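In each ligand, atom 1 is the first atom listed, and ligand 1 is the first ligand listed. In what follows, every heavy atom counts, from backbone to side chain, and hydrogens, waters and symmetry copies are set aside. Here the structure is a predicted model, which means the values were calculated and not measured.
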Amino acid sequence: MDDSDWPHGAPAHPELLRLRDSIDNIDAALIHLLAERFKCTQAVGELKAREKLPPADPAREKIQVERLRKLALTAKLDPAFAEKFLAFIIEEVIHHHNRIAKSDGQSPR
Ligand SMILES: C=C(O[C@@H]1C=C(C(=O)O)C=C[C@H]1O)C(=O)O
């Protein structure tokens with residue numbers, strides 16, 4: 001069986017629909033949480049640009065990785081995944097910080 005067996009999606013199983021409702025709510029929460037995090041990091045980027053501080057802080061990141069790996073273990077989440085997820089987000093944040101530093105240190109909007 002492959003995707004071509006269900007060109008319009010798999011039939012609606014009530015349990016599948018219930019689980020997908022929760023997945024959709026969780027995805028929405030993740031988007032809102034990420035948006036709030038990026039609001040904070042935007043302000044950090046502006047502060048760093050004003051104060052001529054470097055965009056990245058590897059020492060801070062090391063502490064965050066150690067903390068999140070421990071939290072992931074407690075939550076029964078793969079710590080390697082938690083670390084990769086954090087690295088993915090921080091990479092984007094540093095990209096933003098570099099862009100802010102090259103501008104006048106204010107939000108591009
Ligand atoms: C947000 C900061 O800037 C960078 C981004 C970080 C993050 O997204 O958590 C952490 C450290 C820095 O490399 C910071 O220094 O706190």
Side-chain angles (χ1 to χ4, degrees):
M1 190 181 293
D2 61 29
D3 285 353
S4 62
D5 290 324
W6 307 108
H8 304 295
H13 187 291
E15 178 71 355
L16 180 61
L17 291 180
R18 191 186 64 75
L19 290 168
R20 285 182 175 173
D21 260 357
S22 288
I23 290 168
D24 286 346
N25 283 344
I26 292 164
D27 287 348
L30 286 174
I31 291 299
H32 287 293
L33 287 172
L34 277 173
E36 284 306 305
R37 193 183 198 281
F38 275 97
K39 274 189 211 166
C40 292
T41 55
Q42 172 73 28
V44 170
E46 290 168 13
L47 183 156
K48 285 181 173 179
R50 274 198 312 276
E51 303 296 327
K52 308 266 184 279
L53 295 168
D57 184 341
R60 159 84 174 145
E61 291 174 27
K62 192 165 176 283
I63 293 165
Q64 286 169 286
V65 167
E66 280 162 17
R67 177 170 172 268
L68 286 197
R69 286 188 69 100
K70 278 187 199 143
L71 284 173
L73 275 174
T74 308
K76 297 185 173 49
L77 181 72
D78 180 0
F81 171 75
E83 184 170 348
K84 267 194 290 184
F85 183 61
L86 181 68
F88 179 68
I89 294 171
I90 290 181
E91 187 188 350
E92 182 69 13
V93 169
I94 290 171
H95 178 70
H96 290 182
H97 286 187
N98 279 318
R99 205 176 51 201
I100 297 166
K102 278 194 206 110
S103 69
D104 60 359
Q106 293 302 307
S107 166
R109 282 177 294 276

Quick one: does [X]'s side chain get under 4.5 Å of [Y]'s, heavy atoms only?
X: Phe85; Y: Leu68; result: no
X: Gln42; Y: Lys39; result: no
X: Thr74; Y: Leu71; result: no

Write out the residue and atom name of the closest protein heavy atom to [atom], then the distance separating them to 0.1 Å.
atom: atom 12 (C) of ligand 1; value: Asp57 N, 3.4 Å
atom: atom 5 (C) of ligand 1; value: Val93 CG1, 3.6 Å
atom: atom 3 (O) of ligand 1; value: Lys48 NZ, 2.8 Å

Suppose I only count heavy atoms of [X] and a 4.0 Å limit; which atoms of ligand 1 are within that range?
X: Arg60; value: 11 (C)
X: Pro55; value: 3 (O), 4 (C)
X: His97; value: 1 (C), 2 (C), 3 (O)
X: Ile94; value: 13 (O)

Are any of the heavy atoms in Cys40 under 4.0 Å away from ligand 1?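 In this structure, Cys40 fails to qualify as a contact of ligand 1 - no heavy atom is under 4.0 Å.
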Answer yes or no for Ile89: is there a heavy-atom contact with ligand 1 below 4.0 Å?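 For ligand 1, residue contact (heavy atoms, under 4.0 Å) with Ile89 is absent.
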Between Glu66 and Lys62, does the salt bridge (charged side-chain N to carboxylate O under 4.0 Å, His left out) criterion hold? Intermediate values first, please. CA-CA 6 Å; Glu66 280 162 17; Lys62 192 165 176 283; 3.4 Å; yes
For atom 13 (O) of ligand 1, which candidate among Gln64, Gln42, Arg37, Glu61 provides the closest heavy atom?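 The residue whose heavy atom sits nearest atom 13 (O) of ligand 1 is Glu61.
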Working for side-chain hydrogen bond (donor to acceptor under 3.5 Å, both in side chains), residues His96 and Glu92: CA-CA 6 Å; His96 290 182; Glu92 182 69 13; 3.0 Å; yes
For the pair Thr41 and Ile90, evaluate side chain to side chain contact (heavy atoms under 4.5 Å, CB included) and give the outcome as yes or no after the intermediate values. CA-CA 9 Å; Thr41 55; Ile90 290 181; over 6 Å; no
Could you see if Ile94 belongs to whatever hydrophobic cluster contains Ile89? Use Ile, Leu, Val, Met, Phe, Trp, Tyr and a side-chain cutoff under 4.5 Å.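 Different clusters: Ile94 never reaches Ile89 through Ile, Leu, Val, Met, Phe, Trp or Tyr contacts under 4.5 Å.
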